[in-house]
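Below is one structure, written out as C-alpha cells; the observations come after it.
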Amino acid sequence: MRAEDVLSVLEKEVAPVSMSDEFCSKYSAYDNSGIIYDSGTDASGILFSLDMSPMTLAEAEKLGAGCVVTHHPAIFKGLKRILPSDPGPRALAGCVKAGISVISMHLNFDCAPCGTDYHLMKALGGDREDSLLSPVNGGGYGRVYDVSPVSFGKFCRDAMSVLNTKRAFMYGDENKVIKRVASFCGAGGDEEAVAFAAGLGADAFVSADMKHHVVAELVQRGMCVLELTHYASESYGLRKIYEKLSGALTDCELWFYEDASML
C-alpha cells in the first residue's frame with residue numbers, strides 16, 4: 001500500500017485529519033497530522049509507534065516496514081535543521097534514507113470516537129462519558145464519567161496494571177471512594193480541565209505532564225489526582241487502534257512498537 005492508501009484507511013476507520021483541523025480552529029490549537037513523508041513506494045508492512053524515535057526507526061528497519069504510523073507528529077513545527085544530536089529529526093531522516101513513509105495522526109486520533117482519549121477512559125473503568133471538554137463533529141477530547149465505586153488506591157493500582165506502567169504520581173487519600181472520574185490523555189491537565197472536572201462532580205482527575213499549580217488546585221478542591229506518564233496515557237489507546245486496524249489493513253503486515261522505558 002502507498003502512503004495515501006494507508007492514510008485513507010486510517011481516516012475511514014479511525015478519524016479524518018479534518019477532525020484535527022476542526023479542533024485547532026475551534027480551540028486555537030496547533031497540529032501537524034497527515035502524511036509527513038511519502039516514499040512513493042508500496043509498503044507491505046506498517047509499524048505503529050507513539051513517537052518517531054531512533055528506536056522506532058531501528059524497529060521498522062529490522063521488521064522491513066515500509067511505513068510508520070505515529071501518534072505524535074514526526075514534524076510538529078518548523079524544522080530548521082537535521083543534526084546527529086537531534087533524535088527526532090535524525091530518525092525521520094533515517095526513514096527518508098531507507099524509503100520508509102511516515103504518517104502522523106495526532107489530535108484526530110485523540111478526538112476520535114474510539115480514539116486515544118476514549119481508550120484511556122475505558123482503561124480507567126469508564127464506559128461512556130457524560131460530557132466532553134472539547135467536542136468536535138463526531139468526537140471530542142476530555143471526559144467525565146462514572147465508574148464502579150472503588151478506593152482511590154485500588155483505582156490507581158488497577159489503572160497502572162491495565163496501562164502496563166510502573167510510574168505515576170498519586171495525590172489524595174488512598175481510602176477515598178472514587179465514583180466519578182475526569183480524564184485527559186496526554187498533557188490535558190490544565191486550568192480549563194480542572195474547572196470542567198470540578199463542575200461535573202469528579203472525584204478523581206487523571207492526566208499527564210501536569211503543572212504544580214494545577215495539581216495543587218485539584219487537591220485543594222478535594223479531588224484525588226493520578227498523574228501518569230504522557231506515554232502511558234496514550235500508548236494503550238494507540239495499541240487499541242492498531243488492533244482494530246488489523247482487520248482493515250489486510251494487504252499489509254502490521255506491528256506495534258512500544259518503548260518500555262517511557263511507560
Side-chain angles (χ1 to χ4, degrees), residues 1 3-23 31-36 43 45-53 56 59-60 63 65-74 100-124 126-129 132 134 136-143 159 162-165 183-188 206-208 228-260 262-263:
M1 298 180 72
E4 61 265 27
D5 300 320
V6 177
L7 177 63
S8 179
V9 174
L10 297 176
E11 290 196 296
K12 178 182 177 183
E13 297 293 330
V14 186
V17 172
S18 61
M19 187 174 282
S20 169
D21 297 336
E22 180 188 348
F23 185 94
D31 196 21
N32 187 34
S33 291
I35 296 174
I36 305 297
I46 304 171
L47 178 66
F48 286 74
S49 174
L50 198 72
D51 298 314
M52 186 65 253
S53 67
T56 304
E59 188 74 4
L63 295 169
C67 180
V68 172
V69 174
T70 70
H71 179 51
H72 295 140
I100 300 171
S101 296
V102 179
I103 300 171
S104 298
M105 305 294 265
H106 188 214
L107 294 180
N108 55 323
F109 269 20
D110 282 338
C111 293
C114 290
T116 51
D117 196 59
Y118 165 85
H119 282 297
L120 177 60
M121 174 187 71
K122 296 291 284 186
L124 297 173
D127 184 54
R128 181 180 299 176
E129 70 275 357
L132 292 165
S134 305
V136 294
N137 185 33
Y141 174 82
R143 289 164 157 78
V162 173
L163 297 172
N164 192 33
T165 182
S183 64
F184 314 80
C185 72
V206 183
S207 191
L228 300 163
T229 68
H230 191 122
Y231 201 97
S233 76
E234 295 188 320
S235 187
Y236 175 86
L238 184 63
R239 183 184 286 275
K240 291 297 182 182
I241 291 171
Y242 148 81
E243 290 171 355
K244 174 185 177 181
L245 289 167
S246 63
L249 290 164
T250 54
D251 292 337
C252 292
E253 190 169 2
L254 303 187
W255 302 282
F256 188 86
Y257 173 71
E258 190 168 68
D259 185 352
M262 297 294 289
L263 284 169

### CZ-OG distance between Phe184 and Ser233, expressed to the nearest 0.5 angstrom
12.0 Å
#### Entry: Closest heavy-atom pair and its distance - Met105, Glu11
CE-CG, 4.0 Å
### Query
Does Thr56 have any side-chain contact (heavy atoms from CB on, under 4.5 Å) partners at least two apart in sequence or in another chain, and if so, which?
Leu47, Ser49, Met52, Ser53, Val68, Tyr257
### Task
Please answer whether the main-chain N or O of Leu107 pairs with a side-chain N or O of Asp31 as donor and acceptor at a distance below 3.5 Å.
yes
#### Entry: Results of ring pair (Phe, Tyr, Trp, His ring centres under 6.0 Å) for Tyr236 - residues two or more places apart only
none
### Query
Is a donor on one side and an acceptor on the other found under 3.5 Å between the side chain of Glu13 and the backbone of Ala248?
no
### Message
Which residues pass the ring pair (Phe, Tyr, Trp, His ring centres under 6.0 Å) test with Phe256, not counting sequence neighbours?
### Response
Tyr242
### Message
Please check this pair: side chain of Asn108 against backbone of His106, looking for a donor-acceptor N/O pair closer than 3.5 Å.
### Response
yes
### Query
Is Ile241 close to His71 at the side-chain level, that is, under 4.5 Å between some pair of heavy atoms?
no
### Task
Go through the structure and list residues passing ring pair (Phe, Tyr, Trp, His ring centres under 6.0 Å) with His230, not counting sequence neighbours.
His72
### Query
Say you draw a straight line from CG of Leu245 to NZ of Lys12; how long is it, rounded to the nearest 0.5 Å?
12.0 Å
#### Entry: Leu238 to Leu50 - nearest heavy-atom pair and separation
CD2-N, 3.6 Å
#### Entry: Rounded distance (nearest 0.5 Å) linking atom CD of Glu129 with atom CE of Met121
5.0 Å
### Query
What distance separates Ser104 OG from Leu7 CG, expressed to the nearest 0.5 Å?
10.5 Å
### Any residue meeting ring pair (Phe, Tyr, Trp, His ring centres under 6.0 Å) with Phe23, in chain and number order, not counting sequence neighbours
Tyr27
### Message
To check you understand the geometry: which heavy-atom pair defines the closest contact between Ala159 and Leu124, and what is its length?
### Response
CB-CD2, 3.5 Å
## Note on the structure
All heavy atoms of Val102 vs all of Ala74, minimum pair found to be CG1-CB, 3.8 Å
## Note on the structure
Correct closest heavy-atom pair for Leu120 and Leu163 would be CD1-CD1, 4.1 Å
#### Entry: Atom of Leu228, atom of Ala208 and distance for their closest heavy-atom approach
O-CB, 3.1 Å
### Query
Which pairs, with at least one residue in residues 111-123 and sequence neighbours excluded, count as a side-chain hydrogen bond (donor to acceptor under 3.5 Å, both in side chains)?
Asp110-Thr116, Asp117-Arg143, Lys122-Asp127
### Message
I need the Glu4 CD to Ile103 CD1 distance, nearest 0.5 Å.
### Response
9.0 Å
#### Entry: Inter-residue atom distance Phe48.CZ - Cys67.SG, 0.5 Å rounding
8.0 Å
